[in-house]
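To start, the structure under review is shown below, and the notes come after it.
Hydrogens, waters and symmetry mates play no part in the numbers below; they use all other heavy atoms, side chains included.
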Amino acid sequence: MAIFNKKKNIEMKTNPQVDAKNHILEKLNEKVGGTVYDNAILIPRFGYTIDIQVVKNEENNGVYNLQTIFIIRNDYLKDKDEPIIEPIASQGKDFDSALKMLIESFEALIWRPMKMMFDKGKALPISSNYLGQHYDYDLYVNSVVLMGDPERKPAMLIYYIKDVLSSFLGSKKYYWVRIFLARQGTKGTENYKQNIEVRVNGIVCPSLNKRFQPYVDSWKDQDIAVVEKQFAFIVNREEEDLCPFTKEQVVEYTRKTLPLMENCKSAEEAVEMKKQMDEFIGNPALSAEIRIFIPEILAKLTLGYNEGDDLFLLQPNPEGDDAEQKKVPVRFRKTQLRSYYYIQQVLIDYLSRTKPEKEKVQNIVFNSVTFRELRKHIGQPNEKLGRPVEAKDLFIPGTAYNINLDNYKVW
């Protein structure tokens, strides 16, 4: 079933007899009440733009299949907040019936909670406290969308994570949460499949996934695939976003830093690299984050070890001896630090598109603190495994880092 397919690259398939994108936009606009302009829907009264990509538009064995990716951007914060990206598939006896199902799915899953957010409807209050910062949010959520078993009575999925959700929220104006659960087959057999995925602003959060395992385990065995989905939108009550950098700037600075790191092979060169980075970035804190996280993230991507959702900021121990203060780790989530996933996106592109030489990647990874610790264990014999330890066998809760700057703030 497609719901269990995790392929990232989907071949574009179109039907030359139907201008699918225009048809979808026109029908979708009847629901959202915007303006179709330049192959997208503009909703100026709310400050949003809805774009789509038609991935599949074809008939197969008498069933018409539509698969569309919806891309929703905040026009005012497009440089600082990620777009909402949601693929939705539908089927029917012909294009019109598949399109009807597609629009209904979009309305139930995404548009209704978005409309609640726009209209400032009933919201659940959430507060976040971390590293001396406090934020208050409003959470808007709609009912669960169920597919595959009309007799099921799904639970309100957001309640499984509401008590910990605040620990994933930072200073951004908007957050969106996507919960996706799927199960098919008989548990304990080869035909059994399940998928549990919770994303915050598009980022998969493993610790939130675990919260749904008992719930999915409680579903009855069925040959058909059963799916439950829920979206929630979260609005920071702060009126203005004071973050001193944009996503585009982080992307630009990270790309500019990579060649420097590829060729940095001595302590003297590292000092010079820091100097250059501080100059072209102009923000010492952001410069330090990029310099620290490039090797750490690249180590995770290339070695394939398992890592949790956490970051650990090393700060002076207020109870330590003045002469020799030891650092203590303060825990928060990766989703609460904007630069982390901006940097990661660049590195994924760096590996897949640039395809750098192995030696250059290794030169960067060797600067990872995590890598230096893990290689003490990789290759060691393990009786329980019956073979030497591999990177994929190892798990670390997160990444520790240190910023030697006064008044450092996590954005």
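Annotation: Phe395, atom CZ; neighbour count of heavy atoms from other residues, nucleotides and ligands within 6.0 Å is above 12. More than 12 heavy atoms of other residues, nucleotides or ligands lie within 6.0 Å of CZ in Arg45, so this atom counts as buried by the packing criterion. Annotation: Glu279, atom CD; neighbour count of heavy atoms from other residues, nucleotides and ligands within 6.0 Å is above 12. Surrounding CG of Asp223 are at most 12 heavy atoms belonging to other residues, nucleotides or ligands under 6.0 Å away.
The two residues Thr257 and Ile290 make their nearest non-hydrogen contact at OG1-CG2, 3.9 Å. In terms of heavy atoms, Pro154 sits closest to Val144 at CB-CG1, 4.0 Å.
Of the possible donor and acceptor atoms, one in the side chain of Asn363 sits under 3.5 Å from a partner among the backbone N and O of Met261. The backbone N or O of Asn283 lies less than 3.5 Å from no partner atom in the side chain of Ser287, so there is not a single donor-acceptor pair. Under a 3.5 Å cut-off, the side chain of Arg372 and the backbone N or O of Phe366 do form a donor-acceptor pair. Between the Asn129 side chain and the His134 main chain, no donor and acceptor come within less than 3.5 Å of each other.
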Let me see the working for Ile343 and Ser339 under side chain to side chain contact (heavy atoms under 4.5 Å, CB included), right down to the final yes or no. CA-CA 6 Å; Ile343 296 167; Ser339 68; 4.2 Å; yes
Start with the C-alpha distance between His377 and Asp393, add both sets of side-chain angles, then the distance that settles side chain to side chain contact (heavy atoms under 4.5 Å, CB included), and finish with yes or no. CA-CA 10 Å; His377 305 280; Asp393 302 317; over 6 Å; no
For Lys274 and Asp278: C-alpha separation, side-chain torsions, deciding distance, then whether salt bridge (Lys or Arg N to Asp or Glu O under 4.0 Å) applies. CA-CA 6 Å; Lys274 178 185 180 304; Asp278 287 347; 2.8 Å; yes
Chi angles and distances behind the salt bridge (Lys or Arg N to Asp or Glu O under 4.0 Å) call for Glu104, Lys100: CA-CA 6 Å; Glu104 288 175 351; Lys100 182 175 183 292; 2.6 Å; yes
For Arg333 and Asp310, run salt bridge (Lys or Arg N to Asp or Glu O under 4.0 Å): C-alpha distance rounded to whole Å, both residues' side-chain angles, the deciding distance at 0.1 Å, then the answer. CA-CA 4 Å; Arg333 306 290 187 176; Asp310 297 336; 2.8 Å; yes
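Taking the six-membered ring where tryptophan is involved, the planes of Tyr137 and Tyr135 are tilted, since the angle between them lies from 30° to 60°. The aromatic rings of Phe231 and Trp176 lie parallel to each other, with less than 30° between the two planes, well short of the 60° mark. Using the six-membered ring where Trp is involved, Tyr408 and Tyr401 have ring planes that are perpendicular, over 60° apart on the 30 and 60° scheme. The aromatic rings of Tyr340 and Phe293 sit perpendicular, their planes meeting at an angle over 60°, well past the 30° parallel limit.
Just one residue in the list Arg338, Gln133, Gln336 forms a side chain to side chain donor-acceptor pair (under 3.5 Å) with Ser171, and that residue is Arg338.
Taking the six-membered ring wherever Trp is involved, the centroid distance between the rings of Phe118 and Tyr48 falls below 6.0 Å.
Geometric assessment of Lys256 against the ring of Phe280 yields a positive cation-pi assignment under the 6.0 Å and 45° thresholds.
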